[in-house]
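Working notes, structure below.
What you see is a predicted model; the values in this text were computed from it and never measured.
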Amino acid sequence: MKIILIGPMPPYRGGIARFSASLAEHLLDMGHDVKVVSFRKQYPKLLYPGKSEKDHSQSTSRVPTVFLFSPLNVMDWSKTYRQIQDYQPDLVIYQWWTTFWAPATSWLIHKITKAGINTKILIHNAFPHESTWIDKKLTAWALREAVSFVTMTDAEAKRLRTVVNPRAEIITAPHPVYRQFPSSDLSKVEVRKKLGLPLEAQIALFFGFVRPYKGLNILLEAMGKLKAQGSCVHLVIAGEFWQDQAIYEKQIAELGIHDMVTVRADYIPDSEAGLYFEAADIFVAPYLDGTQSGSVKLAMGYGLPLVLTDVVTDNIILNYQNGLSVVKSGDIDELTEAIKKSCQGIFDTNPTSWATHDNSWKSLLDTLLIHRPKVDCQLQ
């Protein structure tokens with residue numbers, strides 16, 4: 001097939017850009033002709049809380065990519081549509097995760113639907129994290145003409161169903177496992193020395209952009225309880241803060257856990273990110289909201305035992321064999337106990353099988369490539 005994938009690609013930062021690169025390369029490896037239409041511009045600086053949108057240390061994708069689309073420039077929308085027309089694809093895969101792109105999305109979906117081009121909308125988030133009522137309205141407007149969707153959790157499918165056409169097809173396939181960072185080929189001790197981390201302690205890793213819904217405040221409270229119990233667990237927070245870092249620094253000081261926490265409050269480039277996973281003993285995702293996590297799937301790619309909340313589980317995670325504890329979102333006591341037990345090699349689940357890095361993509365790829373919207377789903 002000839003396939004166009006629309007979404008962010010390296011050097012844009014973040015999990016969705018990494019995901020796009022992995023998806024494009026898997027499609028290419030299957031023998032398809034793939035072209036990516038990425039972004040000339042993603043967000044205005046005023047709306048982007050990070051220091052920079054791009055990380056030029058990331059490796060370049062093997063897939064032909066044009067950086068053309070943008071959220072607010074109508075000329076770029078027209079250029080993107082012409083790019084699609086000229087390529088004459090059998091399938092367009094359009095990725096959706098934020099309502100800031102609603103005007104551009106609405107315009108482009110209208111054009112490619114009217115042209116009769118087979119299109120799948122791949123949903124990362126039906127609504128943005130920390131969304132408001134207006135986000136639901138914008139999502140409904142932007143996706144009103146789409147007839148075929150792929151979500152990566154059942155919870156996201158339910159959220160999406162509340163705003164899209166009731167006749168639209170929604171298929172769910174779990175978010176795949178992927179390991180995209182280069183290996184250091186160093187021992188765990190050598191990696192820890194390189195990062196300046198404790199050599200003997202059990203290290204729990206919190207990785208990614210720090211945002212309120214990810215529950216870092218709950219994790220720090222759990223670390224305070226672990227200290228009171230005499231635990232030697234050491235928490236590494238590796239990621240750029242998208243809210244006031246001082247709030248967390250104050251919490252660390254009040255809990256008296258400076259000696260148990262290492263904060264690397266910067267975006268971790270791909271050239272270094274893998275080191276943090278190699279140095280860790282467990283991965284912790286104390287999310288208060290959200291339905292999926294790319295960071296969790298990265299941790300699975302490194303074989304790390306997981307401690308996470310019930311808001312970010314799916315079938316692949318629940319069948320993970322390398323150690324899993326799932327706790328109630330926001331429950332500090334449960335999180336504390338799960339971290340302590342996980343560091344002792346005690347887990348809550350006894351799964352029988354799980355999708356490995358190589359085959360966890362199969363379900364998503366099959367769903368994107370095989371399922372087609374039914375004739376009676378078409379909008380009039």
Side-chain angles (χ1 to χ4, degrees), residues 10-15 17-18 48-58 179-184 186-224 226-227 231-287 293-299 301-302 304-308 335 339 343:
Y12 283 106
R13 306 185 333 180
R18 294 191 190 105
Y48 187 78
K51 296 177 182 177
S52 172
E53 285 190 296
K54 296 181 179 180
D55 169 20
H56 291 283
S57 73
Q58 296 183 77
R179 180 175 180 173
Q180 200 164 4
F181 304 131
S183 174
S184 70
L186 301 174
S187 69
K188 182 167 288 192
V189 170
E190 290 171 327
V191 170
R192 290 186 177 187
K193 285 181 178 179
K194 187 171 183 175
L195 295 175
L197 299 176
L199 302 184
E200 302 296 333
Q202 292 284 308
I203 289 183
L205 176 62
F206 176 99
F207 183 88
F209 296 126
V210 179
R211 300 176 63 179
Y213 77 91
K214 292 188 177 181
L216 179 57
N217 58 327
I218 302 299
L219 177 53
L220 292 176
E221 292 292 335
M223 291 298 296
L226 287 166
K227 181 167 186 175
S231 172
C232 65
V233 178
H234 190 90
L235 173 64
V236 175
I237 302 166
E240 192 173 75
F241 282 70
W242 279 22
Q243 60 181 135
D244 189 358
Q245 183 182 342
I247 296 171
Y248 296 101
E249 296 290 357
K250 181 181 179 183
Q251 187 180 8
I252 291 170
E254 290 175 346
L255 291 168
I257 55 174
H258 272 114
D259 57 331
M260 297 178 68
V261 180
T262 295
V263 179
R264 299 289 161 82
D266 287 302
Y267 178 81
I268 311 298
D270 283 13
S271 57
E272 299 175 14
L275 296 174
Y276 288 90
F277 289 89
E278 293 177 21
D281 295 294
I282 65 171
F283 186 87
V284 186
Y287 287 25
S293 168
S295 293
V296 170
K297 296 304 171 71
L298 278 168
Y302 282 86
L304 287 177
L306 308 175
V307 175
L308 45 82
L335 183 61
I339 293 172
C343 287

Open item on the list: Is it the case that the side chain of Lys227 and the backbone of Gly256 share a donor-acceptor pair, with hydrogens and angles ignored and the cut-off at 3.5 Å?
Closed with: yes

TODO: List the atom of Val191, the atom of Ala279, and the distance in Å for their closest heavy-atom pair.
DONE: CG1-CB, 3.7 Å

TODO: Considering non-hydrogen atoms only, spot the tightest contact between Gln251 and Asn217 and give its length.
DONE: NE2-O, 2.9 Å

Task: Backbone N/O of Ser184 and side chain of Glu278: donor-acceptor pair under 3.5 Å - done: yes

TODO: Compare all side-chain heavy atoms of Tyr248 with those of Val263 and state whether any distance is below 4.5 angstrom.
DONE: no

TODO: List for me each residue that meets salt bridge (Lys or Arg N to Asp or Glu O under 4.0 Å) alongside Lys194, sequence neighbours excluded, and say none if there are none.
DONE: none

Task: Side chain to side chain, Leu235 and Leu219, heavy atoms closer than 4.5 Å - done: yes

- [ ] Please report the closest heavy-atom contact between Pro10 and Ala17, naming both atoms and the distance.
- [x] CD-O, 3.6 Å

Open item on the list: Can you tell me how far apart NE2 (His234) and CG (Leu205) are? Round to the nearest 0.5 Å.
Closed with: 11.0 Å

Task: Verdict with supporting geometry, Val307 and Phe283, side-chain contact (heavy atoms from CB on, under 4.5 Å) - done: CA-CA 6 Å; Val307 175; Phe283 186 87; over 6 Å; no

Task: Ala204 versus Val233, closest heavy-atom pair with distance - done: CB-CG1, 4.2 Å

TODO: Please identify each residue that fulfils side-chain contact (heavy atoms from CB on, under 4.5 Å) with Asp281, with sequence neighbours left out.
DONE: Lys188, Arg192, Gln202, Ile203

Task: Gap separating the CG atom of Leu335 from the CG atom of Leu220, nearest 0.5 angstrom - done: 10.5 Å

Task: Side-chain donor or acceptor of Glu190 paired with backbone N/O of Ser187 under 3.5 Å - done: yes

Open item on the list: Once rounded to the nearest 0.5 Å, what's the spacing between atom CD of Glu249 and atom CD1 of Ile252?
Closed with: 5.0 Å

Open item on the list: Assess the residue pair Ser295 and Phe206 against the criterion (side-chain contact (heavy atoms from CB on, under 4.5 Å)); give the C-alpha distance rounded to whole Å, side-chain angles, the decisive distance to 0.1 Å, and a yes or no.
Closed with: CA-CA 9 Å; Ser295 293; Phe206 176 99; over 6 Å; no

Task: Taking every non-hydrogen atom, the tightest pair across Leu306 and Ala299 - done: CD2-CB, 3.9 Å

Task: Counterpart residues, ring pair (Phe, Tyr, Trp, His ring centres under 6.0 Å), relative to Tyr287 (two or more places apart) - done: Tyr213

Task: For the student: nearest non-hydrogen atoms of Cys343 and Ile282, plus distance - done: SG-CD1, 3.9 Å

Task: Non-hydrogen side-chain atoms of Arg211 and Phe241 separated by less than 4.5 Å - done: no

Open item on the list: List the residues meeting salt bridge (Lys or Arg N to Asp or Glu O under 4.0 Å) with Asp244, not counting sequence neighbours, and say none if there are none.
Closed with: none

Task: Note, Leu195 side chain near Tyr276 side chain (heavy atom, < 4.5 Å) - done: yes

Open item on the list: Using modelled atom types and a 3.5 Å cut-off, is there a donor and acceptor pairing between side-chain atoms of Glu240 and backbone atoms of Gly208?
Closed with: no

Task: Lys214 side-chain N/O to Ala285 backbone N/O, donor-acceptor pair under 3.5 Å - done: no

TODO: Going by the side-chain contact (heavy atoms from CB on, under 4.5 Å) test, name the single residue among Glu221, Met260, Met223 that passes it with Leu255.
DONE: Glu221

Open item on the list: Phe207: which residues meet the ring pair (Phe, Tyr, Trp, His ring centres under 6.0 Å) condition with it, sequence neighbours left out?
Closed with: Phe277

Task: Separation of Leu197 CG from Thr262 OG1 (nearest 0.5 Å) - done: 5.5 Å

Task: Partners passing salt bridge (Lys or Arg N to Asp or Glu O under 4.0 Å) against Arg264 (at least two apart in sequence or in another chain) - done: none

